[in-house]
Amino acid sequence: QVQLVESGGGLVQAGGSLRLSCAVSGSTFSISAFGWYRQAPGKQRELVAQDNGGGSTNYADSVKGRFTISRDKAKNTVALQMNSLKPEDTAVYYCHVMGIDLSFARNYWGQGTQVTVSS
């Protein structure tokens, strides 16, 4: 089965950096669009960063200039580099990818990884 496994989360002090990685396995489909979302306690899940599959990226206003989304085709992974972290970045971060197989698009989600930023 297709699996998306996030890693790299943890506890970091404000101003620090963290790099999240999402490993995609279990399928030979080609990855189209991909992105990262986050959800803090008591809040709805929100888009953090996304790539439309063609190199066009979009970021939430709150993370622009601090976060960078990328993809490593050789390793079949998606990453999120997070710099200048703030306490308000604390949340569970989820990886999302859209896979294309036989001209059909399917959405896949990881189980999430906790990111905690202390002040």
Side-chain angles (χ1 to χ4, degrees):
Q1 307 101 303
V2 173
Q3 280 193 313
L4 272 63
V5 181
E6 301 98 335
S7 63
L11 193 156
V12 64
Q13 292 186 329
S17 298
L18 213 57
R19 185 178 180 85
L20 305 183
S21 182
C22 175
V24 182
S25 64
S27 178
T28 58
F29 64 73
S30 61
I31 296 176
S32 183
F34 56 93
W36 288 90
Y37 296 73
R38 68 186 181 188
Q39 186 168 24
K43 299 183 65 178
Q44 295 185 17
R45 185 174 299 186
E46 65 174 345
L47 172 69
V48 177
Q50 65 179 3
D51 186 300
N52 69 353
S56 179
T57 59
N58 294 102
Y59 296 89
D61 289 340
S62 60
V63 308
K64 286 182 178 178
R66 300 189 297 120
F67 291 10
T68 303
I69 188 171
S70 63
R71 176 192 175 194
D72 187 328
K73 293 184 178 181
K75 297 182 179 180
N76 209 31
T77 59
V78 175
L80 182 69
Q81 179 65 45
M82 305 184 293
N83 298 325
S84 302
L85 284 163
K86 305 174 181 179
E88 49 263 46
D89 293 319
T90 296
V92 175
Y93 284 70
Y94 298 89
C95 176
H96 164 262
V97 302
M98 178 178 290
I100 304 298
D101 187 22
L102 299 176
S103 298
F104 291 96
R106 294 177 175 81
N107 293 301
Y108 301 94
W109 292 87
Q111 292 300 305
T113 184
Q114 177 70 48
V115 171
T116 302
V117 184
S118 62
S119 59

Could you go through residues 111-119 and list every donor-acceptor pair under 3.5 Å that involves a side-chain atom there, pairing it with any protein atom two or more places apart or in another chain?
from: Thr113; atom 1: OG1; to: Gly9; atom 2: N; distance (Å): 3.4
from: Gln114; atom 1: NE2; to: Ala91; atom 2: O; distance (Å): 3.4
from: Gln114; atom 1: NE2; to: Thr116; atom 2: OG1; distance (Å): 3.4

Side chain to side chain, [X] and [Y], heavy atoms closer than 4.5 Å:
X      : Y      : result
Phe104 : Arg106 : yes
Phe34  : His96  : no
Phe67  : Leu85  : yes

Step through the shown structure and confirm whether more than 12 heavy atoms of other residues, nucleotides or ligands are within 6.0 Å of CD on Glu88.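 More than 12 heavy atoms, drawn from other residues, nucleotides or ligands, come within 6.0 Å of this atom.
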
SB check Lys64 Asp61 (cutoff 4.0 Å):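 Salt bridge present between Lys64 and Asp61.
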
Where do Tyr37 and Glu46 land on the side-chain contact (heavy atoms from CB on, under 4.5 Å) test, with the steps shown first? CA-CA 5 Å; Tyr37 296 73; Glu46 65 174 345; over 6 Å; no

Using only atom types and a distance under 3.5 Å, with no angle test, would you say the side chain of Asn76 pairs donor to acceptor with the backbone of Lys73?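 No; judged by distance alone, with no hydrogens or angles, the pair does not exist.
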
Between atom CG of Asp89 and atom CE of Met82, what is the distance when rounded to the nearest 0.5 Å?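 So the CG of Asp89 and the CE of Met82 are separated by 7.5 Å.
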
Quick one: do the Arg38 and Tyr93 side chains pair a donor with an acceptor below 3.5 Å?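 A pair is found: one side chain offers a donor N or O, the other an acceptor, under 3.5 Å apart.
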
What pairs with Tyr108 under ring-ring contact (aromatic ring centres under 6.0 Å, His included), at least two apart in sequence or on another chain?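 Testing Tyr108 for ring-ring contact (aromatic ring centres under 6.0 Å, His included), a comparison that skips the adjacent residues, returns Phe29.
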
Applying a strict under-4.5 Å side-chain criterion to I, L, V, M, F, W and Y, I'd like to know whether Val78 and Ile100 cluster together.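 In one cluster with Val78: Ile100, no.
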
Verify the cluster assignment for Val24 and Leu80: are they in a single hydrophobic cluster under the rule of side-chain heavy atoms below 4.5 Å apart?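 In one cluster: yes.
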
Please report the shortest heavy-atom distance between Leu4 and Cys95, naming the atom on each side.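 Nearest heavy atoms, Leu4 then Cys95: CD2-O, 3.8 Å.
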
For Ala60 versus Leu47, what's the shortest heavy-atom pair and its separation?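 That would be CB-O, 3.4 Å.
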
Side-chain donor-acceptor pairs of residues 12-22 under 3.5 Å, sequence neighbours excluded:
from: Ser17; atom 1: OG; to: Asn83; atom 2: OD1; distance (Å): 2.9
from: Arg19; atom 1: NH1; to: Gln81; atom 2: OE1; distance (Å): 3.2

Evaluate Ile69 against Tyr59 for side-chain contact (heavy atoms from CB on, under 4.5 Å), listing each step before the verdict. CA-CA 9 Å; Ile69 188 171; Tyr59 296 89; 3.4 Å; yes

Is the Lys NZ or Arg CZ of Arg45 less than 6.0 Å from the centre of Trp109's six-membered ring, within 45° of the axis?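 Judged by the rule (NZ or CZ under 6.0 Å from the ring centre, within 45° of its axis), Arg45 counts as positioned above Trp109.
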
With Arg71, which of Ile31, Val97, Asp51 fulfils side-chain contact (heavy atoms from CB on, under 4.5 Å)?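 Of the listed options, the one satisfying the test is Ile31.
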
